[in-house]
Visitor: 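Below you will find the structure I want to go over with you.
These figures come from a predicted structure and were not determined experimentally. Only this structure's heavy atoms are used, side chains among them; waters, hydrogens and symmetry mates stay out.
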There are 2 protein chains.
Amino acid sequence: MTDQIVTPFRSESHNHKRCVTDAMALAEERCARRGARLTRIRRRVLELIWSRHEPVKAYDLLDQLREEHRGAAPPTIYRALDFLLAEGLIHRIESLNAYIGCGDPSHPHLGQFLICERCNAVAEMDDDDIRDLLAHKAALQGFHVNWQTIEINGVCPSCRAIPNGTVSGNETDTPADRCR
Amino acid sequence: MTDQIVTPFRSESHNHKRCVTDAMALAEERCARRGARLTRIRRRVLELIWSRHEPVKAYDLLDQLREEHRGAAPPTIYRALDFLLAEGLIHRIESLNAYIGCGDPSHPHLGQFLICERCNAVAEMDDDDIRDLLAHKAALQGFHVNWQTIEINGVCPSCRAIPNGTVSGNETDTPADRCR
DNA sequence: TTGTCACATGTTATTCTATTGCAAACAATG
DNA sequence: CATTGTTTGCAATAGAATAACATGTGACAA
């Protein structure tokens, strides 16, 4: 059985700099192989998304991009996001209107997401059992499945270890800063 | 085993007038029992949603409400929707930014939605197998589930029966008008 | 080298979705 | 009647995404 966890929750040992460069390398490689043009803007947007390692809003990306790229406007971001989605390099989280890096761009997949409502961390699964059960249940209704949106909200293991009322103080930290 | 289909796809025999009045009666009853105030606006919004019997956008509802209620503004609609969501009388479809009547408001539930991308018809399931499998898979990651968003896009049985390129002519009809 | 074509980006405006904040109206209760 | 909590009215604004058209750029062939 293959590993059905594409992006696990980050552990204490997570080397984030390495994580970003690895993801970028995979992206470069995949685009090269497919003849897709990972331009400067597109590359930079992907890098900004991976740097955060949590769901990022389009206008947050726009603000960041503007700091280094005067003239960036909403279409700049949305075009880059569309490209990255089409290439399977990121996923869109519907319930958050946000985008997150895909941990396994090697093959197109739907993904199922575990979203921590305390720290915003997201783990990505690509679980055949889930996909197949949904397809099966749909088929019982005579329904043909093209796409599945599966987003599970709750509390990640790290946050469960923290007493409920506890507040970490800085609510703008990234997941790794708050969740251990 | 209980019936896990809350709102099936509409059949030819669907009596839509009856369907709406039934849904309204259930809503009245549930609100009365819970001491929730189903005011004129809230009742009317619910009725508008059920009348369409497919996912409806907030601003569509606003337009309709304005025709009979001058002074209706975005907050008017969103407050009504918030109330109806809180009472479990409607569901929100995240992937469409739209709202749909709940076929079984008797108990709170998550719901899994089959969304036809041809005719917009939606069937609602409340399937324990799906819910439990997702909870199980999440638990394997140490994740505690509070909420599940499950939206399945594809082609409903009625539309599958229609040759692919066929267009029914009037794309603004309701699902029942087009899907048989 | 130049022309051409496809693709990518710049630019401005607009549409769609949703919330905030405060005032006025209303309904239930003592 | 007075009080209290809830609901609605109203104006403004925030947030998410797209449309339409102009301009730039890179690869390839003539």
Visitor: Taking CD from B:Glu87 and P from D:dT6, how many angstroms apart are they, rounded to a whole number?
Guide: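 Going from B:Glu87 (CD) to D:dT6 (P), I get 13 Å.
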Visitor: When you measure from the side chain of B:Gln112 to the backbone of B:Asp127, do you find a donor-acceptor pair of N or O atoms at a distance under 3.5 Å?
Guide: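 Checking the backbone N and O of B:Asp127 against the side chain of B:Gln112, a donor-acceptor pair under 3.5 Å is found.
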Visitor: Consider only side-chain N and O atoms of A:Thr149 and A:Glu94, and report whether a donor and an acceptor are under 3.5 Å apart.
Guide: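 Not at all, the side chains of A:Thr149 and A:Glu94 share no donor-acceptor pair under 3.5 Å.
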Visitor: Over 60° means perpendicular and under 30° means parallel, so tell me whether A:Phe9 and B:Phe143 are parallel, tilted or perpendicular.
Guide: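 The arrangement is parallel - the two ring planes meet at less than 30°.
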Visitor: Any donor-acceptor pair under 3.5 Å joining the side chain of A:Tyr59 to the base of D:dA17?
Guide: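 Flag set: donor-acceptor pair detected.
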Visitor: Donor-acceptor pair, B:Arg43 side chain versus B:Leu38 backbone, under 3.5 Å?
Guide: yes
Visitor: If the test is side-chain hydrogen bond (donor to acceptor under 3.5 Å, both in side chains), which one of A:Arg92, A:His91, A:Lys57 qualifies with A:Tyr99?
Guide: A:Arg92
Visitor: Under 4.0 Å from any heavy atom of chain A: name the first and the last nucleotide of DNA chain C that qualifies, 5' to 3'.
Guide: C:dC7 to C:dT12
Visitor: For B:Asp128, does its backbone N or O pair with a side-chain atom of B:Gln4 as donor and acceptor, under 3.5 Å?
Guide: yes
Visitor: Evaluate the ring planes of B:His109 and B:His107, with Trp represented by its six-membered ring, and classify them as parallel (under 30°), tilted (30 to 60°) or perpendicular (over 60°).
Guide: tilted
Visitor: What is the separation between atom CG on B:Asn97 and atom C1' on D:dT18, rounded to the nearest whole Å?
Guide: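 Checked: the CG to C1' distance equals 14 Å.
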Visitor: For B:Arg37 and D:dT4, what is the distance between atoms CZ and C1' respectively, to the nearest whole Å?
Guide: 11 Å
Visitor: Are the charged groups of B:Arg79 and B:Asp82 less than 4.0 angstrom apart, N to O?
Guide: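 Salt bridge between B:Arg79 and B:Asp82, a charged N being under 4.0 Å from a carboxylate O: no.
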Visitor: B:His69 side chain N/O closer than 4.0 Å to the phosphate oxygens (OP1, OP2) of D:dT8?
Guide: no
Visitor: Taking side chain to side chain donor-acceptor pair (under 3.5 Å) as the test, write out the residues that go with A:Asp60, two or more places apart.
Guide: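 Here no residue qualifies.
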Visitor: Go through the structure and list residues passing side-chain contact (heavy atoms from CB on, under 4.5 Å) with B:Ala36, not counting sequence neighbours.
Guide: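 Expected list: B:Cys31, B:Phe83, B:Glu87.
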Visitor: Given atom CG of A:Leu61 and atom P of D:dA16, what is their separation to the nearest angstrom?
Guide: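 Going from A:Leu61 (CG) to D:dA16 (P), I get 11 Å.
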Visitor: Would you give me the side-chain donor-acceptor pairs under 3.5 Å for residues 67-74 of chain B, sequence neighbours excluded?
Guide:
| from | atom 1 | to | atom 2 | distance (Å) |
| --- | --- | --- | --- | --- |
| B:Glu68 | OE1 | B:Arg44 | NH2 | 3.3 |
| B:Glu68 | OE2 | B:Arg44 | NE | 2.4 |

Visitor: May I have the distance from B:Lys57 (atom NZ) to D:dA16 (atom P), rounded to whole angstrom?
Guide: 15 Å
Visitor: If you take any heavy atom closer than 4.0 Å to DNA chain C, which residues from residues 72-83 of chain A end up in contact?
Guide: A:Ala73, A:Pro75, A:Thr76, A:Arg79
Visitor: Quick one, which residues of residues 40-48 of chain A touch DNA chain C with a heavy atom under 4.0 Å?
Guide: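 When residues 40-48 of chain A is checked for heavy atoms under 4.0 Å from DNA chain C, the hits, listed by number, are A:Ile41, A:Arg42.
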